[in-house]
Each structure stands twice: as structure tokens, then as C-alpha cells.
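Remarks on the structure that follows.
Order of the sequence lines fixes the chain letters, A, B, ..., with proteins taken first and strands second; residue numbering starts at 1 for each chain.
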Amino acid sequence: MQPIYQPKDIEINAQQHWDIRNTFRATETSGKPKYYCLSMFPYPSGKLHMGHVRNYTIGDVLSRYHRMKGYNVMQPMGWDAFGLPAENAALANNVPPAAWTYSNIEHMKQQLKSLGLGIDWAREITTCKPEYYRWEQWLFTRLFKKGIIYKKTASVNWDPMDQTVLANEQVIDGCGWRSGAPVEKRDIPMYFFRITQYADELLQGLDTLPGWPEQVKTMQVNWIGKSHGCEIYFPHDMETVGSGGMLKVYTTRPDTLMGATYVAVAAEHPLARRAAEISEKNELANFIAECKRGGTAEADVATMEKKGMDTGLFVRHPVTGEKLPIWIANYVLMGYGEGAVMAVPAHDERDFEFATKYNLPVKHVIASGELLDVWKKLEAQFEADGYELNREDLDTMGMFAYLSIVLMDLPTPSEALIEAVHEFAAQLQLESPNTQYGTLVCSGNYSGMDFQEAFDAISTYLTAMGLGKKRSQFRLRDWGISRQRYWGCPIPIIHCFTCGDVPVPDEQLPVVLPEQVAITGAGSPLAKMPEFYMTTCPQCGKAAKRETDTMDTFVESSWYYARYASPDCATGMVDERARHWLPVDQYIGGIEHAILHLLYARFFHKLMRDEGLVQGDEPFKNLLTQGMVIAPTFYREDAGKKMWINPADVDVKTDDRGRPVGATLRADGQTVIIGGTEKMAKSKNNGVDPQAIIDQYGADTARLFIMFAAPPDQQLEWSDAGVEGAFRFLKRVWNFANAYENDLHTGIQCMRTNANPVEWKAATKQTLDFRRQVHLLLKQANYDLCKQQFNTVVSACMKLSNLLESNLPSMVSSEDIATYGLVSVKEAQWYAFSEAFSILLRLLSPIAPHITQTLWQELGYGDDILTAPWPEVDEAALEQDEIELVIQVNGKLRGNLRVAKDTDNAALERFALAHEAVQKQLEGGTPKKIIVVPGRLINVVT
RNA sequence: GCCGGGAUGGCGGAAUUGGUAGACGCGCUGGACUCAAAAUCCAGUGUCUGUGAGGAUGUGAGGGUUCGAGUCCCUCUCCCGGCACCA
């Protein structure tokens, strides 16, 4: 055994040990229950980052743990290889995206291997290879024929200078990232997946996923956004816009219909366009053009200043027939609902803001709480004074406007009436809308109804009149997958002048993406390659043009989990092995994928199910969403510009209590400014290269630190000092094994010769106590592993190590020997000692596999720790006669009490009252009551 | 703006789900070893107060429920993730 812990040697040896034996090759014929453990595959950006290390370590810990628990584990790995960064790299360094991607994969694969991950590399998938994407194209053609994929126009970011479509990421402050020109919205034809057809199933399916975090399910529920409401038709005079003379809106608040004071349409709405056409002035056309400015990202649209313009046109209120103005508003989204809303400023935030800005009327029609009370009082006072409220005026003018004139018209209003009006006016919130449900007021026949009654009554009326109906609505939109980019999977469609859009026939698949191209940054290279796009129509044989758009890279990542089951299948997307491995038992990935990727993959699973390719409704049984890795930032200011400095080049000074007081750049000793702790990113230069950590301390240390520093679902703050702490711990374990090699051997012999554990009753109290603590720690660790809280598992290992160091086997007193005899005392002690160390090694092995494998083998526990059974708690070891209780007075800790474990409550109360500290607190008085929590505490209440 | 999450010592975090707040680790302070340093080992370490035993106080802020609240409820502040063409 090496005297000094040298991670480099032992890690290479351990990895070879597993390589030679093909340990991680997963087969379908093991006879054990399967466990498919999948970590989200990386985009091959060039180098592994800390987020990857965290993700794959979590996956590997779960894989190794389950393997030792007796499962047939499959842990695959692959590359999400298509995407924008490859094209950016091509522009910056003049390398073809394919070559750049393949060389990145080569490097990152070596890095992953050095982490010691138990991956079945025979199942490796690379999405930019035709063997993979041909099946995606195959499925596309099936779905196109079924109508699940269709074509329509949609808005994209357009850079007018570079004449190219931009990703949201490439739009910075409303301008193109390269040209700097203001971005516009442009409508282009695109292919869409009809995901909305599966909206209800995607929603309901969430209820069948108890192994998913609640927060992810909630986010998906809200994203799908099923709402119940009404569509309502507002008649107008614009017959020419093809809407049958009706403006259709959708609302979840039909109860507020009587409070609608205007309607608003999106700039792209046909009515807006029509209004601009017939208007004599250019204002409307200019405003619509202005709305075209800026990108398409929802966050930008939603934070924009609310702007609008009156079209000069009107609709009729479907109940009152009143004329309501039609406005064009930039806060109305064409993509949601009908691209038009009825505006109820009194009861909607955005409508209120808009109405206030443009001085549109506000009509209160919902009252609740005190407002409702004072309104009823006011109505009653009018009646008492013998006046009649003009309901019609009230309904058209709104309460506030009506009341402000009505008092003037009354000849002799009573004091009580004036007071009631003032009281009401004070309650009426004029500065903010009331968006809560309540009772309808000033709503004609509907006054007095609650939300549900009004909802039903109004929708019934609208249905009867042909002016609307109840309907539910999803926020989810169909998934547009066309990208005007090169480095992606070609869309397998041929455009024929006679036959239209024709899917590429199976025998012509795959449509191979040419790998030698010139990237210019303006437009798609494929559209400039006749050798790619010139073809013939598969149906009529005439000359035709191949589609040059590629697919959203989310399409590849939506089904890769299924391909891992049969990565080499040349006859279909998947084969019968998918039935064996799916669903994925544990999926692990970043929380940033909570919505899009996970929703698309669930959708794809259902598409594949409906094609008869896979079974079951959901692809991922259990989900673990890991938090991000963050690190401190440092910078210097130079002419107002921040120059970010990497944490690795900075020394932080602290005061004598460890508080940071300043930082200097190591190179020149000059001061740098300490910034916030942020997500590791190139832009803040605060990334820590995992390779440097692995090279210096070894993979086990990197893995141990990353698992110890935070629970997996929380964000993790990087700390170099913490890494050293992790290394120190592993060194301690190594040194301990070295120092007590002989004792451990002796103990292992005792474990071997005692098939049934030694007679523990012959052991000393000290040994029994030691063993109880060991098994208590094991119990805690096993509990935490079930919770997937790995940081406290590491903590348990450290405690176990501390415990071992303070309970060395040579410490047997002469009294013990006299009582029990030397052989049995020693034997029990050695047994407990070696058992404890074997528990430590096994608990630690999923996290730090190399050092534990090496020690397991060298100490003679066995040949391969992965084949050792997972340690289970010996419940008998936990038993004890005495327990410690806490004594509280009024909930405050005042003392402890050791009692026999079966002491009854009455006795406990007596002991507590007799306790010195309790006596002192009581000062001779008697307690009001005593609360006894069995096994925990006694609280004396005075 | 909307949706989701978070906030506990100098720092990362723990707290068996309403029952001893600060486990474990880092850092820091003191000591041992050493010619010296590193490494290692031992002790201490929330804050205030007290010579001490002890006492008070303390989980982002403010209120509430409870014998008892880091944990439950209400209001607020700040930070992070997502927002459909980054992956």
C-alpha cells in the first residue's frame, strides 16, 4: 500500500480496473431489475464546465449507489451537437462547424473519462451524425402526413442590415448583435408541431409524476396555462376583414363584461390593418410600423411601455349595444387568444394602466368586502330618502361618474345620504384596479350575482344570442421548429410547384447536411448551395426545391433518451430494447430546462407512443433538477468599464476573524474590487476550470467537494478553500487505512470467521456504544440518500471517520479483559472497527469511487467495491436503555434529563419539576401545564 | 411585466418536516511538533453581557397562530432561474 495518497495513480488504476472488465457495459439480460439513469447530455462547447461536473457526478453517484443496491444500471452519454455556438465559432475562427464540434467532443470525452464516470460508452450518441438525425427526419415525414406538423407564418427577429434572422440571444437592447441595427419583427413561413393538440394530456400527465419536483410541475402547469372563460363577439361595421362583422375576444372574466369600456387589438390584427387602410392620416400606419420595431422576446414585449392608438372605429357592446372604441395596443399579443381583448380598466391591471394613460373611462362593476357593504348602505339610503337611482345611467356612466353628478341634481340630499356617498367614494379604489372576484354591481340584470352565477348567466345569454360561448384556452402555443440556420437537422420537405410541400420519401432519407460550407453570418449557407437545394419532386418528378431551413435543436434533445436503448439500430428510431429500458428511471439536469426541454421531451414521447414506437405515457419517472454553480467575481474599473478578473488570479485578504477586507491581483499586488457571487460565465470571467482541479487534486476530490458544498437542487458556490478541505478528508481516510492496516485486517478476519456477528453481549459498553453510533450515522446517511441529499451523506462519512479516529481498537482496559476475557472483547472490538470502516468506504464509494475501490481491494475487503452489497442498518445495534430528554420552561431550554427509555409520562413530569433549573424558574409557583413529547422533551408552562 | 425558487455565524451549509438553531466542512484565533516553514495534531470560535457559573439575544424585514416557529399564515424587501430562435 502506498504510504501517501496519490490520486493520479490510484485513479488511473481504478479506471483501468473497470475498463478491462467492461464493468459499465449495460445489457438487457442481467436478470436484475433495470435502472436507467440519465443526465442531460452536454452541448459540446469546447471544455467541460463546473455545471457539467456537478450534473454528471450526481448521475454517477445515483448509478453506483443503485448498482450496489442490486440494480442493472444503464448510464449512457452523448452529445447535443447541433446549435448556434458552432456557427459563431465558425465566424470567429474560420473553422467549419462540423470540425469544431467533433474536436470539442473528442476533448470533452477525455475530460468526462477522467472524472471516473460509470458510463456505457458503447451507447454514445452524437446528434449531428446522419445515423441519428435520419430518424428524426423519418418521424417528421410521418407527422407531416398526419397533420401533427403544419406550416404557417410567424414572427421572427429580423436584422435589416445583415439581412438575417436573429435568435433572441442575438438581440441586445433591441439591436442586432453584430450589425448594431435596430431589430424588426418579420413574418415568415415556418413548420409547427401541433403541441396544443396534446395540451390537455401534457397537463394531466403531470399528476402521474410523483417523482418530479413540485416546482417543475407547477411551472409546467402555468406554462400550459389552461384557463376557463368565454369567447365574446363584439359586432362592428368592418365586413371586409373576413370576421363576419364581429370582433372576437377571449376573456377569463366574463363577469366583468358590463365594465368593458373599450376593446384593444394587437398591431398585427386584421382590424388594425383595415383601420390603417381606411384612415386618411398616416398615424395609424406609423403606429403599426412602430409596433413592428423591437424583438419578439416576451420579456421585452411585457416590460415595454404600454402604448396605443385609437382607430376611430367602434364595436357594439354585446349586451348594452353601447358603442365602444377600438384601440390598437402594444400590450395585446397576437399569439395568445384572439389577438384582441375587451378592456375592463376597473378590474384589470394592464387595462387600468392603459386607460389611465389615455383617459379612457373606468367602470366599477365588481364589489367585495367593505366596498360592497358601503354600496348596499348607499342604495338603502337612497331608498330611505325617497330617491330612485337611475339604473340605466348608473350602468352606462359607472358608479363614480354617476354619483358625482347625482348629488348635484338632488334638491335636498339628507346629511346621511351625503355621508353615505362620501363613505362610498372613500372606499372605491380609484388608484388601482380591483382584480379579485366579488359581487356584481351596476351590471343591469346581473347585479347581485357572484362570479360563478354571472359567468354562467352571461355565457348563457351570449350563446343564445350567438354573441359568444364558454370555452377553455391554453397559454401554450404550437411549437415552431423552422430555423434559418445551417448547423442543424435539415427539414425533410421538397417544395414542388405542382404538388406543393412534399415530404422526402423514406428511401431518400437521410437528407444529409453538407459539412463543407462557408459561414458568412448573413442568411443560411444552405440557401446559397444549389447542389443542396436543387432536386426533383418525389411525386411528379419535375424540378423542385429542397427546404433549406433546419430544425430547432430542441427536436434532437426531445428523443435522445429513447435512442440510447438501441443506439446502433439501423432499421428504425428505436427497437424492442426501448421496451426494456424505458422509461428513464432517474433524469438529472439543470433547473433552467424545467419548462421547454422537459415539456418537448414529454410531448415527443407521446408522439412516439402514438406511432407505436415506445410504450407508456411519460419518458422520465423521476427528475432531479440541479442548481447552478456560482462563483465570486472580481473586477477593476478602467474609464468606467469593468475589467473582470478570474478568481484564480486573485488573493483575498481577511481580518483576524476571517471577514474579507480586500483583494489583490496576484500578478501585481494591486487592489481589485470584490463583486457579487454570480453564475460562472465567460462574461464575468469567474469560471473555474474543472480540469485544473482534477489535475491538481484528482477526480475524487472534485466530486467530493461538489457533492459536499450544497444539496443538489440548490445553487452551489465554488470555493477553492473548500476543495482543499475535501482533499484533506480523502487524505485522512487514506492515512487512516495505512496506519491501521493490520488492525483492519484482523477485524476483517473476525468478520469472516463470524458468519453471524460475534456475540455482542460479550462486547464492552464502549464497543456497543461505538457500534450504535456507527449504525446511527449509517441510518442517517441511508435516509439522506433516499432524499437525494448528498451533502449530508458526505457529512456522515466525515463523522464516521472522526468516530473511527477516536475509537481505536487497541483501547481495551484491564477491567474489560477481567470481565469478558481478552479474546471476545478484542474480537468484538476489531469486528466493529473493521465493519465501521467498511461502511465508511461503501458509503463514500459512489461519491469518491477511486480511493474507495483502491482501499477496498488493498485492505482485502473484496475485489470490487461495486459488487459489495450496500450497507444496511443493524437495528439491534441502535437499541439503548437510556435516553436523553430536553427540559424546557415556556419553550426555552433549561436543562437535560437522562432517563430509562420506558419511563412513563407521570414520572417524567415529576423528574422535570424536581429539576434544579425548573425549580429556579418556577420560584415556588405551580406550572399551568406540562407538555411531554415522548422521546424528545418536557415543556413546563408557567 | 408574468411564472417558479431562494434568504440561517466571517463563508458553504445542517436541523429526523412544529420540539435542544448553527451538525459537518471551510476560515479565523491560540497551542503542540519543527532550527524554521509547510504538513499534521489538540483546543476555542453566532452576537451582547459577566471574572465566572450564568443571563439576554439571535434564522432577510414587519405582523400573526402556538405551550413551543428557521419550519405554518399574512404583508414587504432583495437575489436567482425561465419567458417559446442560447442550450
Side-chain angles (χ1 to χ4, degrees), chain A residues 40 42-43 45 80 83-85 156-157 165-171 214-216 218-219 221-223 225 295-304 306 331 335 349-350 475-485 552-554 557 590-597 599-600 625 627-628 630 654-660 676-679 705 708-711 713-719 721-726 728-729 731-732 735 779-780 783-784 789 791-792 794-799 802 884-893 896 928-931 933 936-937 939-942:
Chain A
M40 289 182 187
Y43 176 79
S45 55
D80 188 14
L84 200 53
V156 292
N157 303 308
V165 177
L166 296 179
N168 282 339
E169 192 193 45
Q170 297 171 315
V171 179
E214 283 306 319
Q215 64 157 304
V216 174
T218 307
M219 281 193 262
V221 167
N222 293 338
W223 184 262
T296 58
E298 198 193 307
D300 297 334
V301 176
T303 47
M304 238 168 17
K306 287 175 187 45
Y331 73 90
E349 293 282 355
R350 288 174 311 176
R475 205 189 75 99
L476 182 69
R477 307 200 292 262
D478 276 340
W479 175 17
I481 54 128
S482 293
R483 298 290 179 268
Q484 299 66 48
R485 273 182 245 301
D552 182 359
T553 55
F554 271 125
S557 56
I591 183 68
E592 66 272 20
H593 296 292
I595 295 172
L596 291 179
H597 163 62
L599 192 67
Y600 292 149
T625 47
M628 287 186 318
I630 59 174
T654 57
D655 65 11
D656 61 4
R657 286 169 79 173
R659 284 180 284 228
T677 304
E678 298 183 45
K679 176 179 172 176
F705 170 72
F708 181 52
D713 53 356
Q714 256 177 54
Q715 59 179 15
L716 181 147
E717 191 172 324
W718 187 262
S719 140
V723 175
E724 293 214 32
R728 208 175 295 163
F729 171 66
K731 233 175 355 182
R732 256 166 86 159
N735 292 342
K779 189 172 186 173
Q780 183 67 52
Y783 176 79
D784 289 344
Q789 184 171 297
N791 55 330
T792 47
V794 175
S795 163
C797 290
M798 289 171 168
K799 288 179 190 173
N802 292 343
E884 190 150 302
L885 295 177
V886 163
I887 297 179
Q888 294 181 337
V889 177
N890 293 327
K892 280 199 174 132
L893 175 70
N896 295 311
K928 273 195 202 128
K929 62 174 163 177
I930 301 173
I931 290 158
V933 182
R936 259 186 212 286
L937 58 79
N939 187 14
V940 180
V941 185
T942 59

*N168(A) side chain N/O closer than 4.0 Å to the phosphate oxygens (OP1, OP2) of A84(B)?*
yes
_Under a 3.5 Å cut-off for both contacts, is A36(B) paired Watson-Crick or G-U wobble with anything, and if yes, with which nucleotide?_
none
*Is the distance between the ring centroids of W479(A) and F554(A) less than 6.0 Å?*
no
_Using OP1 and OP2 only, check whether a side-chain N or O of R728(A) sits under 4.0 Å from A39(B)._
no
*Round to a whole Å and report the spacing from CD of Q715(A) to C1' of G6(B).*
8 Å
_Pairwise P distance for G64(B) and U59(B), with rounding to whole Å_ = 15 Å
*Whole Å only: how far is the NZ atom of K799(A) from the C1' atom of A23(B)?*
5 Å
*C42(B) and G46(B): how far apart are their C1' atoms, nearest whole angstrom?*
23 Å
*Can you tell me how far P of G81(B) sits from CD1 of I630(A), to the nearest Å?*
10 Å
*Quick one: does Q170(A)'s side chain have a donor or acceptor within less than 3.5 Å of a partner on A167(A)'s backbone?*
yes
*Quote, to the nearest angstrom, the C1' distance that separates G22(B) from U8(B).*
8 Å
*asked:* Quick check on K779(A): does its NZ atom have over 12 non-hydrogen neighbours (other residues, nucleotides or ligands) under 6.0 Å away?
replied: no
*asked:* Give me the distance, rounded to whole Å, that separates C48(B) from G58(B) when you measure between the C1' atoms they each carry.
replied: 10 Å
_Let's see if you can work this out: which of G1(B), U40(B), C67(B) has an atom nearest to the side-chain heavy atoms of T303(A)?_
G1(B)
*Is the shortest side-chain N/O distance from R483(A) to OP1 or OP2 of C86(B) below 4.0 Å?*
no
*Would you tell me if any nitrogen or oxygen in the side chain of T218(A) comes within less than 4.0 Å of OP1 or OP2 on G4(B)?*
no
*Check every strand shown and say whether Q789(A) touches a base, only sugar-phosphate, or nothing at a heavy-atom separation below 4.0 Å.*
sugar-phosphate
*Expressed in angstrom and rounded to an integer, what is the separation of F708(A) atom CZ from C24(B) atom C1'?*
5 Å
*Separation of L596(A) atom CG from G82(B) atom C1', in whole Å?*
8 Å
*Report yes or no: is there a donor-acceptor pair, N or O only, under 3.5 Å between the side chain of N939(A) and the base of C67(B)?*
yes
_Nucleotide paired to G18(B) in any strand shown, Watson-Crick or G-U, under 3.5 Å_ = none
_For L893(A) and Q714(A), find the nucleotide of RNA chain B closest to each by heavy atoms; which residue's nucleotide sits nearer the 5' end?_
Q714(A)
*Name the residue closer to the 5' end of RNA chain B, choosing between N791(A) and N896(A) according to the nucleotide with the nearest heavy atom.*
N791(A)
*Determine the Euclidean distance between corresponding P atoms of U66(B) and G13(B); express it in Å to zero decimal places.*
34 Å
*Going through the distances and angles, do D784(A) and T792(A) end up as a side chain to side chain donor-acceptor pair (under 3.5 Å)?*
CA-CA 7 Å; D784(A) 289 344; T792(A) 47; 2.7 Å; yes
*With P as the reference atom in both, quote the distance from U71(B) to G19(B) in angstrom, rounded to an integer.*
11 Å
*Give a yes/no answer on whether the side chain of K892(A) brings an N or O atom under 4.0 Å of OP1 or OP2 in A56(B).*
no
*Taking only the side-chain heavy atoms of L937(A) (C-beta and beyond), determine which of C41(B), C80(B), G19(B) contains the nearest atom.*
G19(B)
*Indicate whether OP1 or OP2 belonging to G25(B) is found under 4.0 Å from a side-chain N or O atom of N802(A).*
yes
_Proximity to the side chain of N222(A) - top-ranked nucleotide from G1(B), C3(B), U20(B)_ = C3(B)
_Can you tell me which nucleotide in G19(B), A84(B), G13(B) comes closest to the side chain of Q888(A)?_
G19(B)
